[in-house]
Asker: 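If you scroll down you'll find the structure; I have some questions about it.
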Amino acid sequence: MPEQPENAPDNIVRQFHRSATRFYLANIIVLLLLAAILFAGSRLNFYREAFIGVSLAFLLWIFNANRLLTCPKCRARLRSSEGLIRMPRACQQCGVKLRASR
């Protein structure tokens, strides 16, 4: 069976699925890291100081997390109408389908 080109619909869906998995994994890691810093801050009595740094890091992450999620075809940053809570079905830039139909 011949190999499909990189821009074949099945390959794009697979690439996007890998990208979305990395995006969710990075979000979980950042959340756990921030929670661990706050927990350590409360145990070591520097909770107020840790809270300011964690809050700033959280805001920076929220506004830059979408850099991890790009269209496999045109490399545009993705966002759905619901933000990044629900993954977009298609790229807003080039219109390629990113998720398989059910």
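Everything numeric in this text was worked out from a predicted model, so none of it was measured.
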Asker: How many angstroms lie between OG1 in Thr70 and CZ in Arg75, if you round to the nearest 0.5 Å?
Answerer: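 The OG1 atom of Thr70 sits 5.5 Å away from the CZ atom of Arg75.
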Asker: What heavy-atom pair brings Pro88 and Arg99 nearest, and what distance separates the two atoms?
Answerer: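 Heavy-atom minimum between the residues: O-NE, 3.5 Å.
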Asker: Are any non-hydrogen side-chain atoms of Ile12 and Leu98 less than 4.5 angstrom apart?
Answerer: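 With C-beta onward as the side chain, the pair touches.
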Asker: Going by the rule side chain to side chain contact (heavy atoms under 4.5 Å, CB included), which residues pair with Arg43 if we only count those two or more places apart in sequence or in a different chain?
Answerer: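 Per chain and number, Arg43 pairs via side chain to side chain contact (heavy atoms under 4.5 Å, CB included) with Phe39.
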Asker: Taking only residues two or more places apart in sequence, or in another chain, which ones meet Arg67 in a side-chain hydrogen bond (donor to acceptor under 3.5 Å, both in side chains)?
Answerer: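 Arg67 satisfies side-chain hydrogen bond (donor to acceptor under 3.5 Å, both in side chains) with Asn64 once adjacent residues are dropped.
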Asker: Do Cys91 and Cys74 make a side-chain contact, defined as non-hydrogen atoms from C-beta onward lying under 4.5 Å apart?
Answerer: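 In short, these two side chains touch, coming nearer than 4.5 Å.
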Asker: What's the separation between atom NZ in Lys73 and atom NZ in Lys97, rounded to the nearest 0.5 Å?
Answerer: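 Separation between the atoms: 13.0 Å.
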Asker: Looking at side-chain heavy atoms only, is the closest gap between Cys71 and Val96 below 4.5 Å?
Answerer: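 Cys71 reaches Val96 side chain to side chain.
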Asker: Is there a donor-acceptor pair under 3.5 Å between the side chain of Ser55 and the backbone N or O of Phe51?
Answerer: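 Indeed, once roles are kept as given, a pair shorter than 3.5 Å links the two residues.
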Asker: Would you tabulate the side-chain donor-acceptor contacts of residues 25-36 under 3.5 Å, counting partners in other chains and residues two or more places apart, or write 'none'?
Answerer:
from, atom 1, to, atom 2, distance (Å)
Asn27, OD1, Trp61, NE1, 2.7
Asn27, ND2, Phe23, O, 3.1

Asker: In the single-linkage hydrophobic clustering (I, L, V, M, F, W, Y; side-chain heavy atoms under 4.5 Å), do Val13 and Tyr24 co-cluster?
Answerer: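 Val13 does not cluster with Tyr24.
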Asker: Drop me the distance from Leu68's CG to Arg77's CZ, to the nearest 0.5 angstrom.
Answerer: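 So the CG of Leu68 and the CZ of Arg77 are separated by 10.0 Å.
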